Novice: 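Sharing a structure, written as structure tokens. Questions coming.
This is a predicted model, so every value here is computed, not measured. Labels below follow one simple rule: chain letters A, B, ... track the order of the sequence lines, proteins then strands, and each chain is numbered from 1. Any value given below was found using the heavy atoms of this structure, including those in side chains, with hydrogens, waters and symmetry copies removed.
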Amino acid sequence: MQIDSDLQNNLDTLKKTLGQNDDMMFYTFAFGDSRQKACLLYIDGLTENKMLAQYVISPLQKEALAHKECSIEDLSAFFFGFHHSVVSTMKEIEQLVFSGQAILLADGYRGGLAFDTKSVATRSLDEPSSEVVERGPKIGFIEKLRTNTALLRERTSDPNLVIKEMTLGKRTKKKIAVAYIQDIAPDYVVKEVFKRLKSVNIDNLPESGTLEQLIEDEPFSIFPTILSTERPDRVESSLLEGRVSILVDGTPFALIVPATVDEFIHSPDDYSQRWIPMSLVRLLRYSSILITIYLPGLYISLVSFHTGLLPTRMAISIAGSRLNVPFPPFVEAFIMIFTIELIREAGLRLPKPIGQTIGLIGGVVIGQAAVQAQIVSALMVIVVSVTALASFTVPSYAYNFPLRIIRIGVMISATALGMYGVIMVYLFVIGHLMRLKSFGQDYIIPIMAQPGQDLKDTVIRIPTMFLKRRPTRNDPEDNIRQR
Amino acid sequence: CWDVKDIEQLSFARGLAIDETNDHQYKLTYQNLLPQSEDSQASGKPEFVNVTSHGKTILEAVSDVSIKDPPVYSDHLKVILLGEKLMRNQNVDQVLNHFIRDDELRRSSYLMAARGNAADVFTKGNPNQQQPMPSEKLIDLTTHSGYNGKIMIPLRIGRASVYSQNGYSYLIQAVKNEKGKAKYDGAGIIKRGSNKLVGFLSADETQTLSWVMGTIQGGVMPTTDKGHPITFEIKKSKTKIKPVIENGKPVFHISVKTKGILTEDQNPNENSFSKSYLHRLENIFEKKLERDVKQVMDKLQHEYKTDPVFLSDHIRIQHPDYWNKVKGHWDEIFSETDFKYDISFKIINFGTVGK
């Protein structure tokens with residue numbers, strides 16, 4: 001329905017559809033010589049009232065305007081320098097007013113003007129809480145998309161950085177931004193990203209996690225194939241490696257595609273610290289992944305199948321500690337793993353100060369008490385604690401889940417088949433990883449890479465001066481990082 | 001699931017003594033470690049227990065354990081001790097047959113010979129006495145060969161089987177019970193062919209043999225100089241054995257070069273700073289070792305008439321044609337061979353005493 005030149009008519013129509021909202025404001029005022037009537041429509045709280053008064057109402061009232069039938073475009077000259085656009089239909093008004101714009105309708109003018117006066121409650125830039133680094137920028141994304149894209153632009157002044165925006169969510173119209181560097185990111189990946197984004201047909205995107213699940217390659221795998229991060233520096237370095245980042249309005253978590261298995265294990269300060277210590281730290285992290293997956297299963301298989309592989313003294317002390325435990329090793333391990341998971345989940349939900357107390361109670365009291373009550377053996381408590389501790393060294397929280405699930409699988413097959421079962425699970429997981437793809441790229445490729453290529457930045461990180469080329473796995477169009 | 005052996009239900013055999021009883025049965029004495037929980041230490045539970053079992057065959061005796069005690073689990077069985085009577089009467093290789101075939105026991109387990117009854121060496125556990133378990137002790141002692149030359153390179157059952165199968169005589173670490181304590185004492189000689197024990201060498205003879213054969217890793221040699229005790233400590237010893245065939249008879253040229261320390265010299269007039277003094281002492285040691293080795297060799301050649309130190313290998317490698325002719329009756333040839341020794345000592349250090 002077109003906007004009429006009769007203001008009262010327009011308002012009547014609009015009030016029928018929008019008037020039921022109490023936060024919908026219809027501010028009527030007069031301007032010009034002939035005291036023409038005008039009305040501002042806006043949502044209270046979503047728009048900045050000061051801006052409206054300063055940049056919309058007062059310029060209009062200062063001008064001596066003769067009443068004449070003319071188009072709304074003529075009015076637009078008064079608001080030079082202030083972002084606005086022309087609207088001509090009622091439908092447009094409805095959409096824009098709810099996305100935070102203020103609409104100016106004036107008597108005698110066909111059409112209206114929409115002013116971008118949106119002001120959203122935001123928090124200040126803060127250190128990202130889920131990805132803490134020892135050395136590196138202490139700034140994270142926030143919930144406002146515009147700020148996030150500005151953060152990216154600020155870090156990367158490369159003119160080839162492309163930020164393309166689109167809206168997703170049929171009802172909620174969430175803005176998302178796709179960022180990539182034009183001459184590095186390969187075309188087919190960018191195209192694939194847009195193709196998948198366009199296929200999303202959902203009413204609402206509450207968080208980038210929802211989007212992640214809609215566009216990921218393997219929704220039925222336990223492994224995440226899209227990396228999410230709160231850190232602009234991480235997005236920046238990913239862009240420079242030829243990846244594509246997707247930012248969603250309303251969440252500080254940006255998505256990075258394609259993701260490979262090692263990305264989840266690496267942390268930005270692997271690059272900001274010196275290479276020898278960080279290579280050792282990476283070795284530690286990789287081995288802690290093996291520990292967190294296999295330790296309870298190995299313990300079970302050693303204790304119930306392959307006692308000959310243990311050093312004699314250790315076998316005797318394990319046998320001694322298990323002497324009065326009524327359960328088989330698997331039940332024993334399962335009780336403890338279950339308890340650890342309980343503590344972890346409870347600690348996450350509880351308010352912060354109580355969360356720490358729960359950790360203490362869980363760790364010390366339950367462990368100690370379980371040993372004294374001879375429900376579990378002392379060594380099992382150590383095994384499970386080390387396992388839980390090792391799982392926390394993985395920088396990505398999303399990557400924690402597959403490890404914990406595989407751990408249970410290893411435990412079960414170790415109980416049934418011993419070391420043979422452990423190796424079976426290992427092969428199964430490797431086979432599964434080999435099959436996974438992320439946006440057309442092999443998920444496990446860096447681990448399987450030829451030496452001298454991407455392997456130099458996986459389990460160890462060679463000195464920065466030798467990292468001359470971008471990782472080949474992303475197939476970058478410009479692969480020279482430094483000469 | 002069918003392989004599940006829960007660790008707390010196993011009895012960990014650490015040592016096994018095999019004897020022959022008077023009614024020609026096998027008597028097995030397993031020495032099992034007992035798991036210690038916190039409260040069992042307080043109640044004075046012994047650390048180990050001996051389990052005996054009899055049988056007409058080894059395996060019968062082994063399986064008879066399970067009708068009265070927890071079944072034996074021998075992944076951790078590290079030492080097998082054979083009784084003197086058993087070894088004199090039976091083929092050692094045949095006795096070990098079961099343990100070689102069985103995949104649970106490791107081929108790296110040690111084989112030792114007991115002087116007297118093997119079971120006597122495995123004294124019983126006593127909760128009030130903090131004594132180490134005898135079988136554990138025997139295992140630990142093998143690592144002391146750097147301190148004492150009387151300890152041989154340990155013989156593993158896999159090796160023993162290989163030697164028996166290939167027709168070698170070999171030495172086997174001998175052990176005895178001395179006033180309730182297990183102790184290394186010389187070596188037993190297993191003669192090729194029959195694979196039976198023919199006799200024992202004393203501890204000193206064992207040291208001399210392994211010294212001259214170049215397998216010694218350390219040890220001391222005491223002697224006297226004008227009535228004053230002096231001791232030489234071996235640091236490093238090298239042996240070269242060169243067999244020469246003379247008139248159809250092998251002659252072994254054995255040169256031993258030993259470097260070591262003069263660690264004890266009770267001569268009040270000693271003068272370690274003087275080269276000629278040290279040289280004189282070196283000569284004394286050289287003479288002593290040569291005398292000793294001649295004695296041992298004489299014993300091997302004429303008393304036991306067998307070569308347990310693998311001299312035949314040198315013939316086989318360096319004179320293969322000759323070896324082909326004599327390999328059937330090597331023991332007879334060995335008893336008639338000549339030895340030429342070239343023994344040289346070098347005192348490289350005399351500590352912080354001198355004049």
Side-chain angles (χ1 to χ4, degrees), chain A residues 296-334 367-383 411-424, chain B residues 1-16 30-49 70-80 99 102-110 125 127 132-140 142-143:
Chain A
L298 271 183
Y299 174 82
I300 290 172
S301 62
L302 283 178
V303 163
S304 8
F305 289 87
H306 317 287
T307 20
L309 291 178
L310 291 167
T312 308
R313 282 286 151 198
M314 194 178 176
I316 285 296
S317 80
I318 292 175
S321 74
R322 284 200 38 78
L323 213 54
N324 297 317
V325 176
F327 301 117
F330 173 74
V331 178
E332 194 191 1
F334 193 79
Q368 181 72 19
V371 171
Q372 276 181 359
Q374 292 178 341
I375 294 169
V376 296
S377 61
L379 199 73
M380 182 50 97
V381 175
I382 297 171
V383 165
M411 279 164 57
I412 292 171
S413 70
T415 312
L417 300 164
M419 200 71 89
Y420 175 70
V422 174
I423 290 163
M424 290 286 279
Chain B
C1 289
W2 46 89
D3 278 340
V4 169
K5 293 175 244 174
D6 274 333
I7 195 165
E8 66 274 14
Q9 283 157 11
L10 302 171
S11 55
F12 290 90
R14 202 68 172 122
L16 166 65
Y30 279 102
Q31 195 150 52
N32 293 347
L33 277 168
L34 291 178
Q36 302 278 308
S37 68
E38 272 176 42
D39 28 301
S40 64
Q41 269 165 3
S43 65
K45 192 174 161 193
E47 264 188 55
F48 60 95
V49 68
V72 168
Y73 178 68
S74 49
D75 256 352
H76 291 273
L77 182 55
K78 192 77 201 228
V79 59
I80 292 182
F99 300 105
D102 188 22
D103 61 346
E104 213 176 60
L105 185 87
R106 298 184 180 190
R107 280 175 77 91
S108 62
S109 305
Y110 300 133
M133 179 171 166
S135 49
E136 287 260 292
K137 198 174 114 187
L138 290 181
I139 297 161
D140 289 346
T142 58
T143 60

Novice: Quick check: are there more than 12 heavy atoms from other residues, nucleotides or ligands sitting under 6.0 Å from CE of A/M424?
Specialist: no
Novice: Atom OG of A/S304 and atom CG of B/L10: how far apart are they, to the nearest 0.5 Å?
Specialist: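 One finds 10.0 Å between OG of A/S304 and CG of B/L10.
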Novice: In terms of heavy-atom proximity below 4.5 Å to chain A, should B/E104 be classed as side chain, backbone, both, or neither?
Specialist: neither
Novice: Look only at the side chain of B/R106 and the backbone of A/G308, and say whether a donor-acceptor pair between them is shorter than 3.5 Å.
Specialist: yes
Novice: Please report the interatomic distance CG(A/L310) to CG(B/D75), rounded to the nearest 0.5 Å.
Specialist: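 Reported to 0.5 Å precision, the distance equals 10.0 Å.
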Novice: About how many Å separate CZ of B/F12 and OG1 of A/T312, when rounded to the nearest 0.5 Å?
Specialist: 8.0 Å
Novice: Please confirm whether the backbone N or O of A/A315 pairs with a side-chain atom of B/H76, one donor and one acceptor, at under 3.5 Å?
Specialist: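 Checking the backbone N and O of A/A315 against the side chain of B/H76, no donor-acceptor pair under 3.5 Å is found.
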Novice: Identify which part of A/P329 has an atom lying under 4.5 Å from any heavy atom of chain B, answering side chain, backbone, both or neither.
Specialist: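 For A/P329, the side chain is the part near chain B, not the backbone.
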Novice: Which residue pairs pass the salt bridge (Lys or Arg N to Asp or Glu O under 4.0 Å) test with at least one member in residues 315-331 of chain A, sequence neighbours excluded?
Specialist: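 For residues 315-331 of chain A, and leaving out neighbouring residues, the salt bridge (Lys or Arg N to Asp or Glu O under 4.0 Å) pairs sorted by first residue read A/R322-A/E332, A/R322-B/E8.
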Novice: Is the number of heavy atoms from other residues, nucleotides or ligands within 6.0 Å of CZ (A/F334) greater than 12?
Specialist: no
Novice: Work out which heavy atom in B/P35 is nearest to a heavy atom in A/G320; give both atom names and the distance.
Specialist: CB-N, 3.5 Å
